[in-house]
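A quick write-up on the structure given underneath.
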Amino acid sequence: MRPFHPPTPQSHRSSYIPSTPDSPTVEKESHIGGTTPDVRQAREAADGVVRDYEEKRDRLAKAIDSSLYLLSDLKNFNGEQWTVRYPHLKPIDSSSQGSPSTRPGMSRRTLTFADEPSQTTDVVLNSTPTVRRTLKRSLTLAPSAPCTPITTVNSTVEEPKNIDDNEDDFSILRLNLNMGAARHAKGLISHLEKSSISALLDTRISASLDHLTHLQKRIFDAQSRVLVTGDLNAGKSTLINALLRRDEVMPTDQQPLTTRFVEVVSAKENEDKEEIHILKHADKYDPSDESTYTTEDVSKLYEMLVDAEDDASSPSLRVFLKEADANMANPSILHNGVVDISLIDAPGLNRDSIKTTANFARQEEIDVVVFVVSAANHFTLSAKEFIWQAGHEKAHLFIVVNRFDQIKDKARCRRLVLEQIKQLSPKTYEDAADLVHFVDSAKVALGYGETEPEGDELDEAFSHLEHSLRSFVLVNRAKSKLGPAQNYITHLLADVELLAAANSLVAGKERDAAREELARVKPVLEKMKKGKEGLEESLVAEEEAATDKASGRTNLAMERGLERVGRGELAAPAPGLSLPAYPGLLGAWDFAAEVKRVLLASLDFAVSLAEDDARKLTSEGVEEVTKLGDAHLPADVERTNRKFNPQAMFSPRAIRRPSSVTSIGLGLAGQSQLVEVNVTDIFDLQHHIHLARSVLPSTASTSHELVPFSTEVGAASLAVGAFSMISGKTLGLRAVVEGLVHFSDFVSNPATRRWIGPVVGVFTAGAIAYVIYDLPRSIPRNVGRHIQSTLTISSGQPSQIDDASIPFAEYQATRVSKEVRKVMRLAAWDLRERFRAAVEARGEVVKASEEIEKKATKALEWFDNVEKRVENIREEVGIKV
């Protein structure tokens with residue numbers, strides 16, 4: 001929204017100067033007499049009146065300038081720095097308040113706002129009332145349980161039943177959606193959003209700024225405009241004809257004729273020419289610029305006013321008329337020789353909504369309202385609404401009760417009309433002797449210039465009316481010219497003051513609520529920020545503890561399993577898994593294959609037990625993470641809805657990358673390189689020789705031996721081993737050849753040749769018998785020993801896998817620990833995210849609350865300053881509170 005800047009106040013030059021002997025004013029007032037002391041005294045008194053008027057006018061102009069700046073600041077403040085709320089004040093039923101209050105000027109009200117009609121607040125409205133409306137108003141929160149209940153002071157002024165019950169206590173700044181009935185507009189306002197209502201209020205402020213600008217121009221305008229309005233066929237045009245001393249200037253009939261606004265002014269303002277100016281644009285009209293209007297002859301006025309196609313929205317007419325009779329001792333009100341006056345004839349109020357609205361819009365351009373009402377009909381609904389709205393600016397209205405001679409019970413008619421005026425315009429009622437007149441203007445107008453009308457009452461009544469109107473417009477210009485502007489500013493300041501008071505309560509509430517929110521959230525946020533590092537350390541520690549524990553226990557379990565397998569035992573007792581029965585010598589090969597499968601399966605089962613143990617450890621770790629969350633997260637933060645499923649750990653996955661450990665499925669019994677059987681699984685000659693050498697005494701080599709025994713045996717074994725690597729089928733032959741080589745080396749010694757024959761025979765027979773007898777026990781040991789040796793240097797995975805060279809126990813420990821770490825990191829990540837989100841959310845709350853507190857505090861200071869500025873403007877304009 002672009003800031004609004006009020007028009008720069010101009011220094012208006014006074015249109016009135018004190019009368020001097022050679023001044024035009026003295027010449028205009030020369031009819032008073034010569035230069036006698038009485039005349040000089042009268043002139044001095046007139047000069048004093050002029051000076052007093054100018055002083056009041058200049059003071060009022062300064063107050064209007066200050067009001068312009070005040071409203072401009074309010075318009076800029078609304079929306080840019082604060083969304084001004086529109087309040088409604090409703091009186092509380094006195095029956096619910098207990099005993100009545102003895103403190104006048106205070107009333108207990110229910111405060112609501114248009115955007116939140118369901119939220120109510122009990123407040124006390126402190127006011128310094130005038131007869132018409134309250135001038136100074138402020139709001140304070142009502143005590144929840146007052147010792148002395150405060151009740152609304154009964155006012156002697158009752159408002160029209162057809163108008164809104166003034167629950168919001170606004171007059172100038174009252175929102176109006178132009179929806180027809182006021183109750184419908186208020187109902188629609190209560191369903192609008194805060195920003196929409198603020199925009200409506202902004203529009204209303206803009207309209208008031210325009211009105212103040214017009215007021216500023218009007219109080220320096222030497223011309224006084226008198227609007228003659230009223231209901232249809234009330235005799236407005238007839239009254240204007242009588243005041244102009246002209247017959248049928250304005251068309252009259254038994255039915256309504258006037259269809260548009262007609263302003264009648266003196267022809268002296270138009271070079272003494274009688275003609276009609278049809279204004280193209282009323283706001284741009286300039287008598288010296290013929291492009292702003294078109295002219296017509298005065299004789300066509302009747303046709304132009306009774307045209308059925310015209311209405312109040314048609315271009316206005318400005319009619320210039322000459323004096324009716326230059327020899328008249330009592331000229332028309334237009335030709336008074338002191339102040340230029342124009343009479344504006346308006347269409348009837350209740351003709352249609354367009355005309356009524358046009359009349360309301362016309363009020364800012366006029367100084368005096370002459371309201372004509374029929375003595376037979378009194379005040380209609382449209383008349384009451386017009387007078388009520390006009391009272392916002394014009395506290396004094398000129399009321400003419402027409403056709404009073406047609407009423408039989410005149411006393412009753414006077415009483416009823418005055419009672420209605422008392423309700424509608426109390427200031428007018430106070431000066432009813434000068435402002436309320438019961439006449440028959442038609443009889444005066446029709447009888448003027450002819451024989452004297454019958455009776456003197458109506459003539460005297462009309463003469464009194466005319467004299468009072470002249471006096472009100474000319475002599476009491478401070479009341480007729482400046483009074484409406486002062487009355488408008490009075491009500492405007494009261495509205496601004498009430499608006500500021502209500503919004504001060506809102507700002508105070510928002511500031512207190514923001515401070516309470518800060519007191520609640522900020523310590524929690526500081527605590528969370530301080531505990532963030534500790535939480536991070538605890539999460540890392542829990543992750544490392546669970547991972548290390550799972551890794552160590554898995555590694556230990558795998559090593560123990562391999563030891564048991566190396567002894568030909570199951571790595572872990574598994575249900576339904578046991579070593580097969582020995583089928584005999586002929587089935588030794590198949591027996592070795594089945595034993596290898598069972599031992600590998602037992603290792604797989606041992607791995608599954610290690611995984612179960614890791615699941616348990618992981619569950620405990622996740623539980624610890626949950627406890628950390630309970631300790632570090634505020635109570636109002638939603639806890640995680642993730643449910644840890646231990647069975648989802650170590651689920652088989654398809655192999656996607658050879659280098660990925662966690663993506664490889666388990667099952668040693670399914671690895672082809674591990675289940676293949678060879679001769680050494682049945683008879684491990686090298687293992688037996690190793691055992692024999694470990695128990696036999698060693699024989700020292702003679703000095704003449706070129707190759708020691710151990711070297712010969714090693715060389716022969718190496719040769720046989722190289723020969724046996726030709727194919728997988730020669731693995732068994734290799735072992736046999738190695739054994740024979742060792743044996744030949746052994747018997748080549750001369751010392752052993754003497755006793756070797758018998759011993760070898762006996763040993764061979766015993767060995768063969770032992771081997772055949774020990775095969776059921778040696779095969780599982782041989783197979784287990786080979787599996788152990790293989791898995792001690794490899795992971796048991798295919799050779800193309802990167803981790804194939806890692807020892808089996810270390811491989812399984814790494815795989816299990818990675819799975820545990822993944823789950824712990826996921827739990828820790830979830831807690832970190834919730835902690836981060838909680839910190840951010842509270843940070844945003846703190847930031848928003850601090851912004852609201854700052855904004856509300858600034859608004860409080862601003863609205864307090866508004867109240868001071870209102871008081872200063874009141875002092876400028878001279879309003880006594």
Side-chain angles (χ1 to χ4, degrees), residues 514 516-557 607-654 656-657 660-664 666 811-851:
E516 291 178 2
E517 190 72 3
L518 285 174
R520 183 183 68 86
V521 177
K522 200 167 185 179
V524 177
L525 178 62
E526 296 298 331
K527 180 180 178 181
M528 293 181 69
K529 287 182 178 180
K530 292 180 180 179
K532 181 179 180 181
E533 185 175 352
L535 174 62
E536 187 66 27
E537 292 177 355
S538 299
L539 290 175
V540 173
E542 289 295 334
E543 177 184 333
E544 294 300 327
T547 302
D548 293 344
K549 193 172 183 179
S551 176
R553 295 174 67 164
T554 301
N555 188 72
L556 181 60
V607 171
S608 66
L609 292 179
E611 292 177 350
D612 290 341
D613 185 61
R615 291 188 180 97
K616 182 179 178 182
L617 292 175
T618 306
S619 298
E620 295 174 355
V622 171
E623 184 65 25
E624 291 299 322
V625 171
T626 303
K627 292 180 180 179
L628 286 175
D630 294 337
H632 288 81
L633 290 178
D636 58 345
V637 175
E638 183 183 2
R639 298 307 191 257
T640 180
N641 53 5
R642 294 176 180 268
K643 299 299 181 182
F644 173 57
N645 182 16
Q647 301 305 320
M649 296 177 65
F650 309 107
S651 58
R653 296 175 178 85
R656 294 185 180 181
R657 294 191 307 154
S660 176
V661 174
T662 58
S663 63
I664 299 175
L666 299 180
Y811 169 77
Q812 294 298 335
T814 302
R815 184 182 66 85
V816 170
S817 64
K818 286 187 176 181
E819 188 74 9
V820 173
R821 186 182 296 277
K822 182 180 68 174
V823 175
M824 292 297 296
R825 283 186 175 178
L826 179 61
W829 173 85
D830 184 75
L831 178 55
R832 288 189 184 98
E833 285 299 305
R834 291 185 179 276
F835 187 85
R836 180 192 59 78
V839 170
E840 290 183 356
R842 275 147 185 78
E844 292 176 358
V845 170
V846 168
K847 182 179 179 181
S849 298
E850 289 176 344
E851 184 68 23

Output a table of donor-acceptor pairs, distance under 3.5 Å, between side-chain atoms of residues 824-836 and any protein atom two or more places apart or on a different chain; print 'none' if there are none.
residue: R825; atom: NE; partner: E543; partner atom: OE2; Å: 2.7
residue: D830; atom: OD1; partner: R642; partner atom: NE; Å: 3.2
residue: D830; atom: OD2; partner: T640; partner atom: OG1; Å: 2.9
residue: D830; atom: OD2; partner: R834; partner atom: NE; Å: 3.4
residue: R832; atom: NE; partner: E536; partner atom: OE1; Å: 2.8
residue: R832; atom: NE; partner: E536; partner atom: OE2; Å: 3.1
residue: R832; atom: NH2; partner: E536; partner atom: OE2; Å: 3.0
residue: E833; atom: OE1; partner: R836; partner atom: NE; Å: 3.3
residue: E833; atom: OE1; partner: R836; partner atom: NH2; Å: 2.8
residue: R834; atom: NH1; partner: E638; partner atom: O; Å: 3.0
residue: R836; atom: NH1; partner: E840; partner atom: OE1; Å: 3.0
residue: R836; atom: NH1; partner: E840; partner atom: OE2; Å: 2.8

Evaluation steps, salt bridge (Lys or Arg N to Asp or Glu O under 4.0 Å), between K822 and E819: CA-CA 5 Å; K822 182 180 68 174; E819 188 74 9; 3.5 Å; yes
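- Contact annotation: the side chain of F644 never approaches that of R615 to less than 4.5 Å [non-hydrogen atoms, C-beta and beyond].
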E542 and E620: CA distance, side-chain angles, deciding distance, side-chain contact (heavy atoms from CB on, under 4.5 Å) verdict: CA-CA 10 Å; E542 289 295 334; E620 295 174 355; over 6 Å; no
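- What you find for L633 and R639 is that their closest heavy atoms are O-NH2, 3.5 Å.
- Separation of atoms CG (L617) and CG (D612) is listed at 11.0 Å; rounding is to 0.5 Å.
- Closest approach of L525 to V839, counting heavy atoms only: CD1-O, 3.6 Å.
- Taking the side chain as every heavy atom from C-beta outward, L628 and L535 approach each other to under 4.5 Å.
- For the residue pair G531 and H632, the shortest heavy atom distance occurs at O-CD2, 3.6 Å.
- K616 contributes atom NZ, which lies 7.0 Å from atom CZ of R553 (distance to the nearest 0.5 angstrom).
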CA sep, side-chain torsions, deciding dist, call: K847, E851, side-chain contact (heavy atoms from CB on, under 4.5 Å): CA-CA 6 Å; K847 182 179 179 181; E851 184 68 23; 5.7 Å; no
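- Atom OG1 of residue T547 and atom CZ of residue R821 lie 4.0 Å apart, to the nearest 0.5 angstrom.
- Atom CG of L556 and atom CG of D613 lie 10.5 Å apart (nearest 0.5 Å).
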Pair L539-V625, side-chain contact (heavy atoms from CB on, under 4.5 Å): steps then yes or no: CA-CA 7 Å; L539 290 175; V625 171; 4.0 Å; yes
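- Of all the heavy atoms in A550 and V820, the pair that sits closest is CB-CG2, 3.8 Å.
- With V521 as the partner, the side chain to side chain contact (heavy atoms under 4.5 Å, CB included) test is satisfied by one option alone out of E844, E516, R842: R842.
- Taking all atoms of both residues into account, the shortest heavy-atom contact from M528 to A838 is CE-CB, 3.5 Å.
- Here the closest non-hydrogen pair linking S551 and S817 is CB-CB, 3.7 Å.
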